[in-house]
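Everything below concerns the one structure shown next.
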Amino acid sequence: MAFQFDSHSQKQIPDQMPPQERIGKFSLLVIGAFVLLIVCLFAWHPMATAVRGVLARRNAKEAQEATAAKDWVKAHQAVTLARQRAPEDEEVMLAMVAFLKATGSDPGRLAQQLQRLKLKRPLTAEEELTLGRALISSGKTKDAREVYEKLPLKQSTEHTGLELLSSILSAEGHTKEAAEIEQRAVVMSKAEATPEMQMKAAVSDLGSHYVEVQNQAVKRLWQMAELSTQTGMDAILQLAGSRGLTLPQANRLLEMEEKHPLQAMGARLMVVSALMRLQPEKRAALAETEVRRFTKTKNGRLEDMAYWLMREKFNEQVLKLVPRELAAQSRELYPILVQTLSQAERWEELQDVLKMPRPPVPATLVDLAMAEVLSHVQPDMRESRRILQGTVVNAAQAGDVTTLQVAAALAEKLNFADVSCQAYRAAGMKSAENNASEAALQNLQKSVELALRAKDEETLLDVSRRLHVMSPSSAVFADRFVYLRLVLGVEMEMVDVKALMTANEGKTAGSGTLDRIPPELLLALSAYRMGDREEMAKHLASLPRSESLPPGPRAVAAGLLSLVGRADRAFVMAEKIPGALLLEEEKVFLMRAL
């Protein structure tokens with residue numbers, strides 16, 4: 001019988017769960033040690049860095065204290081150790097900057113440290129200035145200028161900022177500009193440099209020949225324009241008239257003026273004039289806006305609005321705004337109405353206004369206006385000339401310089417050169433009596449110009465003498481006075497040209513619109529008057545090219561050259577000289593050369 005296995009007949013063994021695996025203590029220790037090792041590996045660097053940072057900051061503090069105590073050896077050791085431990089730590093960088101700044105030993109490294117510090121946080125104004133100075137000392141002038149140009153307005157216009165700019169300009173080779181900026185820095189550093197003094201200095205600097213000086217002046221004006229005082233308002237008005245003003249800046253000035261506690265219509269209109277200058281296509285619209293604003297609010301004076309419109313040549317608006325009857329009673333509105341009618345060339349209407357009884361202005365001003373009117377409405381100008389001559393005589397007797405200058409300008413405009421010459425001469429003499437030397441020189445020089453045009457030799461010689469006496473340091477006036485005496489043949493015995501040449505050494509080269517007379521020509525002319533042809537020829541041989549000579553001296557030089565046998569050169573020199581510009585004696589010399 002074969003064996004058969006019957007699974008159901010066998011005793012079943014119950015299923016049993018396998019025992020759970022257990023981790024021993026040793027395994028836990030191994031795993032824990034491994035994890036701790038990994039943690040330590042990752043944490044070691046930050047922990048070490050933190051420890052080095054703490055130690056480095058301690059060294060930095062020691063370096064700062066040693067630097068303050070001027071213990072340079074200890075400071076160097078401490079700052080070196082601090083940099084070795086944490087070169088990128090901010091406090092370490094500051095300690096390094098303080099040490100390098102105090103010792104001045106390595107400006108390039110100081111600049112490098114400040115630039116690295118700048119990557120961590122913005123530098124203070126003082127740190128920026130230190131960076132700029134360090135860059136200059138290390139020869140990086142371009143980088144120093146970039147630092148300066150990014151300085152806040154306040155810092156760039158104070159004496160420390162100006163000193164930095166002066167150093168930059170000096171390093172760039174602009175020594176004269178640097179000297180001007182340095183001088184301004186000295187002024188700004190003084191305790192008594194009040195806003196009023198700063199304003200005066202800024203206005204003076206606007207007239208400088210150097211762009212850097214002008215730019216600094218403009219920056220200071222913008223800074224002062226923020227003041228809520230009269231100086232602030234003055235700065236706003238000064239900026240409004242500046243040539244480099246932009247349209248956004250003009251709009252900014254208008255906002256500043258509107259918020260200023262001392263705002264006034266006259267100031268506002270000056271700023272609007274700047275907007276007109278920058279937007280010529282909007283002139284009419286801007287003017288209309290201001291007229292509507294004035295008419296609606298009644299803020300401000302009619303005289304200010306009328307004067308502004310007249311100055312901007314909005315003649316029709318003036319005539320609409322100012323009633324003629326009111327103007328006839330106002331010392332301020334009457335001249336505005338007269339000027340407006342003159343600008344509009346409404347001569348008949350202006351003549352009627354001038355004929356009104358009891359005008360509210362001096363009779364001389366009415367006479368001057370009438371002289372101009374009559375030059376347009378009458379076929380000849382005899383009456384205009386008569387009025388002007390009488391006005392000049394009366395004003396000269398009264399010592400009225402203003403009227404004399406107005407009369408002189410009008411006479412020149414109407415081509416009455418002789419009347420204008422006398423008016424300027426009288427104004428110059430009166431100004432000299434009043435110790436107004438600059439005004440006297442300007443008026444007398446203008447008189448010389450008109451005397452040449454009028455061929456008034458007597459006045460020309462007299463005024464030239466006065467100019468020489470008033471300004472003995474001017475070689476131009478001295479040359480001109482000697483030249484006229486030699487050409488006119490008067491007072492020749494008093495002329496010593498060689499002594500004049502010696503006296504002129506070191507004197508100013510020029511004055512006004514007059515030109516220098518070459519000493520060779522004066523010496524040759526003196527020799528001619530003395531009859532010494534040989535001496536005359538010697539001086540003429542060294543006469544420079546004559547293209548730059550004014551017509552009169554050129555004609556004289558040509559005539560003298562023809563006398564010594566240099567006819568070819570004399571003709572070339574003389575052929576293009578207009579005879580109308582010459583004195584009669586100069587014409588005589590010219591005819592010898594042609």
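Between the side chain of T340 and the backbone N or O of I336 there is at least one donor-acceptor pair closer than 3.5 Å. In this structure, S562 contributes its side chain and A567 its backbone to no donor-acceptor pair below 3.5 Å. No donor-acceptor pair closer than 3.5 Å links the side chain of S447 to the backbone N or O of N443. Proximity of a side-chain donor or acceptor of S542 to a complementary backbone N or O of H539 within less than 3.5 Å is detected. A donor-acceptor pair under 3.5 Å is formed between the side chain of Q343 and the backbone N or O of M310. No donor-acceptor pair closer than 3.5 Å links the side chain of D462 to the backbone N or O of E458.
Taking CZ from R466 and CG from L444, the interatomic distance works out to 7.5 Å, rounded to the nearest 0.5 Å. Atom CD of E449 and atom OH of Y424 lie 8.5 Å apart (nearest 0.5 Å). Atom-to-atom distance recorded for Q389:CD and R385:CZ is 4.5 Å, nearest 0.5 angstrom. For the atom pair CG of L450 and CD of E412, the computed distance is 5.0 Å after rounding to the nearest 0.5 Å. Residue L563 holds its CG atom at 5.5 Å from CZ of R592, rounded to the nearest 0.5 Å. The CZ atom of R533 sits 4.5 Å away from atom CE of M536, with the distance rounded to the nearest 0.5 Å.
Here the side chains of T364 and V406 are not in contact, with every heavy-atom distance at 4.5 Å or above. A heavy-atom distance below 4.5 Å is found between the side chains of L319 and L341. Residues L365 and P335 have side chains not in contact (no heavy-atom distance under 4.5 Å, counting atoms from C-beta outward). Between L460 and L583 there is a side-chain heavy-atom pair separated by less than 4.5 Å. E535 is not listed as a side-chain neighbour of M530, based on a closest heavy-atom distance of 4.5 Å or more. Side-chain contact between V448 and R480 is absent, with no heavy atoms from C-beta onward closer than 4.5 Å. No side-chain heavy atom of L354 sits less than 4.5 Å from a side-chain heavy atom of P359. No side-chain heavy atom of E520 sits less than 4.5 Å from a side-chain heavy atom of L540.
In the model, T459 has a side-chain atom that pairs as donor or acceptor with a side-chain atom of Q422 under 3.5 Å. E372 and H376 form no side-chain donor-acceptor contact under 3.5 Å, judged by distance and modelled atom types alone. Side chains of R453 and S420: a donor-acceptor N/O pair is absent below 3.5 angstrom, by distance only.
Closest approach of S273 to R311, counting heavy atoms only: OG-NH2, 3.2 Å. Annotation for V572 and E575: closest pair O-CG, 3.6 Å, computed over non-hydrogen atoms. Minimum heavy-atom separation, A558 to M573: N-SD, 3.6 Å. Residues A411 and L388 share a closest heavy-atom pair of CA-CD1, 4.0 Å. Between L410 and A371, the shortest heavy-atom distance links the atoms CD2-CB, 4.3 Å. The nearest pair of heavy atoms linking P362 to R331 is CD-NH2, 4.4 Å.
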Worked check of salt bridge (Lys or Arg N to Asp or Glu O under 4.0 Å) between E316 and R346: CA-CA 11 Å; E316 295 302 320; R346 295 164 72 158; 2.9 Å; yes
Starting from the C-alpha separation in whole Å, work towards a yes-or-no answer on side chain to side chain contact (heavy atoms under 4.5 Å, CB included) for W347 and E345. CA-CA 5 Å; W347 306 115; E345 299 185 354; 3.7 Å; yes
Could you give me the CA-CA distance, side-chain angles and deciding distance for Q445 and F477, then say whether side chain to side chain contact (heavy atoms under 4.5 Å, CB included) is met? CA-CA 10 Å; Q445 286 187 77; F477 292 155; 3.9 Å; yes
Test side chain to side chain contact (heavy atoms under 4.5 Å, CB included) on V392 and T403; report intermediate values, then the result. CA-CA 8 Å; V392 169; T403 299; over 6 Å; no
Kindly indicate, with the supporting measurements, whether the criterion side chain to side chain contact (heavy atoms under 4.5 Å, CB included) is fulfilled by R277 and L245. CA-CA 10 Å; R277 188 173 68 249; L245 192 71; 4.2 Å; yes
Apply the test side chain to side chain donor-acceptor pair (under 3.5 Å) to residues S384 and Q378: give CA-CA distance (whole Å), side-chain angles for both, the deciding distance (0.1 Å), then the verdict. CA-CA 9 Å; S384 295; Q378 290 188 345; 5.7 Å; no
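Around atom CD of E281, more than 12 heavy atoms belonging to other residues, nucleotides or ligands sit under 6.0 Å away. For K455, the NZ atom sits in a packed shell: over 12 heavy atoms of surrounding residues, nucleotides or ligands are nearer than 6.0 Å. The neighbour count for F481 CZ, taken as heavy atoms of other residues, nucleotides or ligands under 6.0 Å away, is above 12. The environment of D380 atom CG is dense: over 12 non-hydrogen atoms of other residues, nucleotides or ligands sit within 6.0 angstrom. Counted within 6.0 Å of CZ on R566, heavy atoms from surrounding residues, nucleotides or ligands total 12 or fewer; the atom is thus considered open.
Classification of the Y528-F589 ring pair by plane angle, with boundaries at 30° and 60°, yields perpendicular.
None of N315, L350, L337 except one satisfies the side chain to side chain contact (heavy atoms under 4.5 Å, CB included) rule with S342; the exception is L350. Each of V487, V482, I517 was scored for a side chain to side chain contact (heavy atoms under 4.5 Å, CB included) with L525, with one residue passing: V487.
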